[in-house]
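Notes follow the structure.
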Amino acid sequence: MKRGFATVIVARTETAPKKIIGYYTLSAASVLLDNVPEEMARKMPRYPNIPAVRLGRLAVASGMQGQHIGSLLVLDALRRSCLNELAWALFLVDAKNERVAAFYEKFLFQRFADNALHLWMHRKQAENLITQIPA
């Protein structure tokens, strides 16, 4: 964060505000137009890169796992990104392994054809998803 590569968002409980229960990072990114599915690329401007937001690291404290904290962190990252004035078209995640990739697919992330552990979601999908949950 000090070097300007990512913003870190930390989750804490109201009852123990000094205890970190999870965190994630967000950063600006881009995707080559050639790397998105053709049906979507046809709808994009003809720039070589598509602006994106990358959800970097996401972690939940070991004692808090299994309580859907990770899901809440993903939804919070989508909400923050959609509320940001910065223009972006895709939301990206890099899964550590197949199990994590399957977790992101539950949110309707799609895998890139050239790397099954890199997933994406269109901004409109993110906006539709976050409007279905209470603030």
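The chain is numbered in sequence order, starting from 1.
Follow the hydrophobic side-chain contacts under 4.5 Å out from Val93 and you reach Val100 in the same cluster. Hydrophobic cluster membership differs between Leu72 and Ile20, with clusters built from Ile, Leu, Val, Met, Phe, Trp and Tyr side chains linked at under 4.5 angstrom. In the hydrophobic cluster analysis, where Ile, Leu, Val, Met, Phe, Trp and Tyr join through side-chain heavy atoms closer than 4.5 angstrom, Ile130 is grouped together with Leu73.
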From CA spacing to verdict: salt bridge (charged side-chain N to carboxylate O under 4.0 Å, His left out), Lys19, Glu14: CA-CA 9 Å; Lys19 181 180 178 185; Glu14 288 183 9; over 6 Å; no

Evaluation steps, side-chain contact (heavy atoms from CB on, under 4.5 Å), between Leu26 and Leu55: CA-CA 5 Å; Leu26 291 176; Leu55 174 63; 4.2 Å; yes

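Taking the side chain as every heavy atom from C-beta outward, Leu92 and Val31 approach each other to under 4.5 Å. You'll find the side chain of Phe103 reaches within 4.5 Å of the side chain of Val74, heavy atoms only. Here the side chains of Val53 and Ser81 are in contact, with some heavy-atom distance below 4.5 Å. The shortest side-chain heavy-atom distance between Asp76 and Tyr24 falls under the 4.5 Å cut-off. Using a 4.5 Å heavy-atom cutoff, the side chains of Val60 and Ile21 are not in contact. The shortest side-chain heavy-atom distance between Asn49 and Leu32 falls under the 4.5 Å cut-off. Gln65 has its side chain out of reach of Ile69: every pair of non-hydrogen atoms, C-beta onward, lies at least 4.5 Å apart.
Rounding to the nearest 0.5 Å gives a distance of 9.5 Å between CG of Leu83 and CD of Glu127. Here the CG-CD distance, from Leu108 to Gln125, works out to 6.5 Å after rounding to the nearest 0.5 Å. The distance from atom OG1 of Thr131 to atom CZ of Arg79, rounded to the nearest 0.5 Å, is 13.0 Å. Rounding to the nearest 0.5 Å gives a distance of 5.0 Å between CZ of Phe107 and CG of Leu75.
Nearest approach of Ala101 to Ala95, heavy atoms of both residues: N-CB, 3.5 Å. When all heavy atoms of Val36 and Phe112 are compared, the pair lying nearest together is CG1-CE2, 4.4 Å. Shortest non-hydrogen contact noted between Ala6 and Ser27 is CA-CB, 4.0 Å. When all heavy atoms of Ala126 and Leu78 are compared, the closest pair comes out as CB-CD2, 3.8 Å.
Tyr23 and Arg12 form no side-chain donor-acceptor contact under 3.5 Å, judged by distance and modelled atom types alone.
Taking the six-membered ring for Trp and thresholds of 30 and 60 degrees, Phe109 and Tyr104 have ring planes more than 60 degrees apart, a perpendicular arrangement.
In this structure a side-chain-to-backbone donor-acceptor pair under 3.5 Å is missing from Glu105 to Gln110. Using a distance-only test at 3.5 Å, with no hydrogens or angles considered, no donor-acceptor pair links the side chain of Arg123 to the main chain of Phe91. At least one donor-acceptor pair closer than 3.5 Å links the side chain of Thr25 to the backbone N or O of Arg57. Between the side chain of Trp88 and the backbone N or O of Arg54, no donor-acceptor pair lies under 3.5 Å. Remark: side-chain polar atoms of Gln132 are not paired, donor with acceptor, to backbone N or O of Leu129 under 3.5 angstrom.
Ion pairing between Arg80 and Glu85 fails under the 4.0 Å rule for side-chain N and carboxylate O.
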